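Report on one structure; see the data block that follows.
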There are 2 protein chains.
Amino acid sequence: MTSFTEENYLKIIYKLSAETDNEISTNAVAELTQTKAASVTDMLRKLSEKQLVSYQKYQGVRLTEKGEKVALMVIRKHRLWEVFLVNKLGFNWDEVHEIAEELEHINSDELVQRLDEFLGFPQCDPHGDPIPNRHGLMPELGYKNLSEITVNQQVVMMGVAQHSTNFLQYLAKIGLNLGAKIKIIEINDFDKSLTIKIGVKKECFLSNEVAKNVLVKAIKMD
Amino acid sequence: MTSFTEENYLKIIYKLSAETDNEISTNAVAELTQTKAASVTDMLRKLSEKQLVSYQKYQGVRLTEKGEKVALMVIRKHRLWEVFLVNKLGFNWDEVHEIAEELEHINSDELVQRLDEFLGFPQCDPHGDPIPNRHGLMPELGYKNLSEITVNQQVVMMGVAQHSTNFLQYLAKIGLNLGAKIKIIEINDFDKSLTIKIGVKKECFLSNEVAKNVLVKAIKMD
DNA sequence: ATATATTTTTAGATTAGTCTAAAATTTACT
DNA sequence: AGTAAATTTTAGACTAATCTAAAAATATAT
Ligand SMILES: [Mn+2]
Ligand SMILES: [Mn+2]
Ligand SMILES: [Mn+2]
Ligand SMILES: [Mn+2]
């Protein structure tokens, strides 16, 4: 069995692994777990003994297949609970992360399976993140960052690549909600900032920093 | 803040207190927490420092008002989650206790409030146990034990006073489900065992031990 | 009332997870 | 290559929750 704490470490190593092909450093893990490097070293040795990570001292860490499976199941639970909180209990999408952070450690395969069914087998969570299926397979949603879209293309907002309350509330303020239709009016060459049109009414200015964190889907022109 | 473990101790002391007006013994707590008396002593000193119980060594323990409030909120969460698992996810009533045992420690007033609303503010859980309201008030449901009912009285099964899987499956086997109409045909003077009629069809024999753990409501004759 | 049995507490140890400070290793920079 | 800086690991300590074994207190039974 994996403890609450071990699961959080595995999840964080998984997230860091998505951004690179290299081994993950002790310090990177320490930053996300909000602990000190010394604590991380202890835990990595422990996870290594349990065959959940491959780790040699001073050489960084990598998930084993077994460890990745555990991480994916925790992420699956996290995202399913987020869907529950937003779709069934009416929470706002910027209020659910902390609660899901606790719920993700509840231990019952039967529960997860039934919850998934109750929610209608959703493909992604309220932030647009894909939900691994019961086998740990992450669905390919094919979303792009708004920063990769070219001028005049029409897209629909599908999610975010960052979950901070700050960011989510900023999006709410400028009226950029899930499902919003977006058209790129102009791209500023110098700083890659954008002028976009949201729906039919609003024009709006976006920094590249924001655009990189907005996930969109191209509208099919058929 | 109260930890997972502290909450379990408080809940157990609450349950034991319901059966007596006296102080609760260290051993009684140890039995239900599945720990040793020495561990209980340590925890009681700690809970006492936090003003959650009143405790003097060798004299047993009692919840303070503050401790009772915490216990009631844990019980509230436990029972609400049980309702969710049965009514929304389709679990059987004998499958939900262990899962609720974990869910009851999730920490968010907002979550509990919204869950309560989502479930339609239920008065009792799938076992017929009353659900404390947000102020910690336990609704008076006025259910009686089947063992207290007199011959020829008509009653409806509303719950159970015991949650063991064994017991619940036995009830299922003899067809004694929530909402079943029961009529007492005969009471055996010697061992207080009962012959009852369930619904219109079945006659059935019940030991006093079973009858004591079946909760019923008298049918209004109007 | 005294001796015996039971219950409860203390003393000392263990495990998981964390910390600080110091030592070891790796990386980066002349 | 040689030194300085940064990273990582070890050593030793702490807290929460638990245990066993021994001591202390309470309850029970002659
Ligand atoms: Mn977590
Ligand atoms: Mn999410
Ligand atoms: Mn519990
Ligand atoms: Mn119950």
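Below, chains carry the letters A, B, ... as their sequence lines are ordered, and counting in each starts from 1. Since the model is a prediction, treat every value here as computed from it, not as a measurement.
The phosphate of D:dT8 has neither OP1 nor OP2 within less than 4.0 Å of any side-chain N or O from A:Y55. Contact between the side-chain N/O atoms of B:T41 and the OP1/OP2 oxygens of C:dT9 is found at a separation under 4.0 Å. In this model, the phosphate group of D:dT8 is approached by a side-chain N or O of A:N27 to a distance below 4.0 Å at OP1 or OP2.
Separating the CG atom of A:L44 from the P atom of D:dT7 is a distance of 16 Å, rounded to the nearest angstrom. As rounded to whole Å, 11 Å separates atom P of D:dC19 from atom CE of B:M43. With rounding to whole Å, B:I24 atom CD1 is found 11 Å from C:dT8 atom P. Across the protein-nucleic acid pair, A:R45 atom CZ and C:dT15 atom P stand 15 Å apart, rounded to whole Å. Between the CD atom of A:E23 and the P atom of D:dT8 there is a distance of 12 Å, rounded to whole Å. Computed from coordinates, the A:D42 CG to D:dA11 P distance equals 11 Å when rounded to whole Å. Note: NZ (A:K36) to P (C:dA21) measures 10 Å, nearest angstrom.
Under 4.0 Å is where a charged nitrogen must lie from a carboxylate oxygen, and between A:E104 and A:R79 no such pair does. Ion pair B:K69/B:E65 not flagged as a salt bridge, since none of the NZ, NE, NH1 or NH2 atoms sits closer than 4.0 Å to an Asp/Glu carboxylate oxygen.
Every residue was checked against the salt bridge (Lys or Arg N to Asp or Glu O under 4.0 Å) condition with B:E117, not counting sequence neighbours, and none meets it.
Of all the residues in residues 1-15 of chain B, not one reaches under 4.0 Å from DNA chain C with any non-hydrogen atom.
B:Q51 and B:T64 share no donor-acceptor pair across their side chains, judged by distance under 3.5 Å alone.
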Listed pairs, N/O of protein and of nucleotides 23-28 of chain D, under 3.5 Å:
| unit_1 | atom_1 | unit_2 | atom_2 | d |
| --- | --- | --- | --- | --- |
| D:dA25 | O4' | B:Y58 | OH | 3.4 |

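In this structure, B:S39 reaches the bases: a heavy-atom distance under 4.0 Å links it to at least one base atom across the strands shown.
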